[in-house]
Amino acid sequence: MPHFLDLKDFTKPQLRMMLDSAATRKQARKTLHKGMEDKDLPLKGKAIALVFERPSTRTRFSFEMAIRQLGGEVFTVSGAEMQLGRGETIADTARVVSRYVDCVMLRAKAHETLLEFASAATIPVINGLTNRTHPTQVLADVLTLEERKGDIARSRVAWIGDGNNVCASWIEAVGVLGGSLKIGAPESLRPHKDFLNWATQNKADVEVMTSPEQAVAHADCVVTDAWVSMHDDDIENRHNLLKPYQVNAALMKHAAKDALFMHCLPAHRNEEVTDEIMDGPHSVVFDEAENRLHAQKAILLSCFGLK
Ligand code: CP
């Protein structure tokens, strides 16, 4: 089943094809209003369900608009509205839903839920974020990076702060597509060893360090994320640990002069990033958010074996 579960499941040519498809479709929409359909409608007759066990703004809006613009039918449902968690197994839910729709995008609290759902489903399943990874986000991030800096394989990316699910998908992106990733994180918030071991096995240029200044040194792109993600509860401890990792003007001075600043959003302004950087010349955060729309189209098409 052609699921979209994690970036490491794809070859470099497959991910490059998705990035090219996203860029081509973005270009082709330049003169269209947002509510207008694309010039071709490859998802006509296809029904796609978006299931959210966690809240969302970008993932929901971008998938809904991507599907509408490609001519498909879409509906969104929260996990709480379904029988999930009220006794019906995840596998049975996947089998049932597979009888109604052609594809499901699932934002699951636990990565295991996503894997269980995908292994029982007879339709493609897309990972819309779990506690472990966020591959649809990072495909859009790579698209954003390449629009300004060219091939990621020639770029130096710095991840600053919590080694969370978005960081994990960045590790996989660099492992498949090339480029270098330096992660500046406190010892206790480094990415899970599974991702670092995978990076080592795949000879990915990924390095983890404690110093944010060292991680950012000469970077072409500096990326951060909220100090407390949706699945975290140790708020005070995280704030204390991550304060020295705030992306501010002093830290950005260590990066290349024309470095980009990225954040998947939502941002907690003046915690992980200052207003000055969010709203300043380095920032491409709203291009990143827009590119979710274009990247989702490429992901959906790949699930249906289309371009
Ligand atoms: N970045 C991201 O996934 O945003 P949402 O949680 O709003 O979908």
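Atoms within a ligand are numbered from 1 in the order they appear, just like the ligands themselves.
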**Prompt:** Passes side-chain contact (heavy atoms from CB on, under 4.5 Å), Leu19 versus Glu146? Steps please.
**Reply:** CA-CA 9 Å; Leu19 288 163; Glu146 293 195 339; 4.1 Å; yes

**Request:** For side chain to side chain donor-acceptor pair (under 3.5 Å), just list the numbers for Gln69 and Lys297, CA-CA rounded to whole Å, side-chain angles, deciding distance to a tenth of an Å, and then say yes or no.
**Result:** CA-CA 9 Å; Gln69 290 177 357; Lys297 290 184 181 176; 2.7 Å; yes

**Request:** Let me see the working for Asn165 and Asn131 under side chain to side chain donor-acceptor pair (under 3.5 Å), right down to the final yes or no.
**Result:** CA-CA 6 Å; Asn165 49 0; Asn131 57 328; over 6 Å; no

**Message:** Under the criterion side-chain contact (heavy atoms from CB on, under 4.5 Å), I'd like the reasoning laid out for Leu301 against Lys307: C-alpha separation, chi angles, the key distance, then a yes or no.
**Reply:** CA-CA 6 Å; Leu301 293 173; Lys307 280 190 192 161; 5.9 Å; no

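Of all atoms in ligand 1, numbered sequentially from 1 with element shown, those under 4.0 Å from a heavy atom of Leu265 are 1 (N), 2 (C), 4 (O). Near His134, meaning under 4.0 Å from one of its heavy atoms, ligand 1 places the atoms 2 (C), 3 (O).
Heavy atoms of Leu129 found under 4.0 angstrom from ligand 1: none, in either backbone or side chain.
Nearest protein heavy-atom contact of atom 7 (O) of ligand 1 is Thr57 N, 2.7 Å. Of the protein's heavy atoms, Arg58 NE, 2.8 Å lies nearest to atom 4 (O) of ligand 1.
When each of Val222, Leu251, Val247 is tested with Pro212 by the rule side chain to side chain contact (heavy atoms under 4.5 Å, CB included), just one qualifies, namely Leu251.
Here the shortest heavy-atom distance to atom 6 (O) of ligand 1, taken over Gln137, Arg60, Arg292, Arg107, belongs to Arg107.
With a 4.5 Å cut-off between side-chain heavy atoms of Ile, Leu, Val, Met, Phe, Trp and Tyr, the cluster of Met36 takes in Leu32.
Ligand 1 has an N or O atom lying under 3.5 Å from an N or O atom of Cys264, backbone or side chain.
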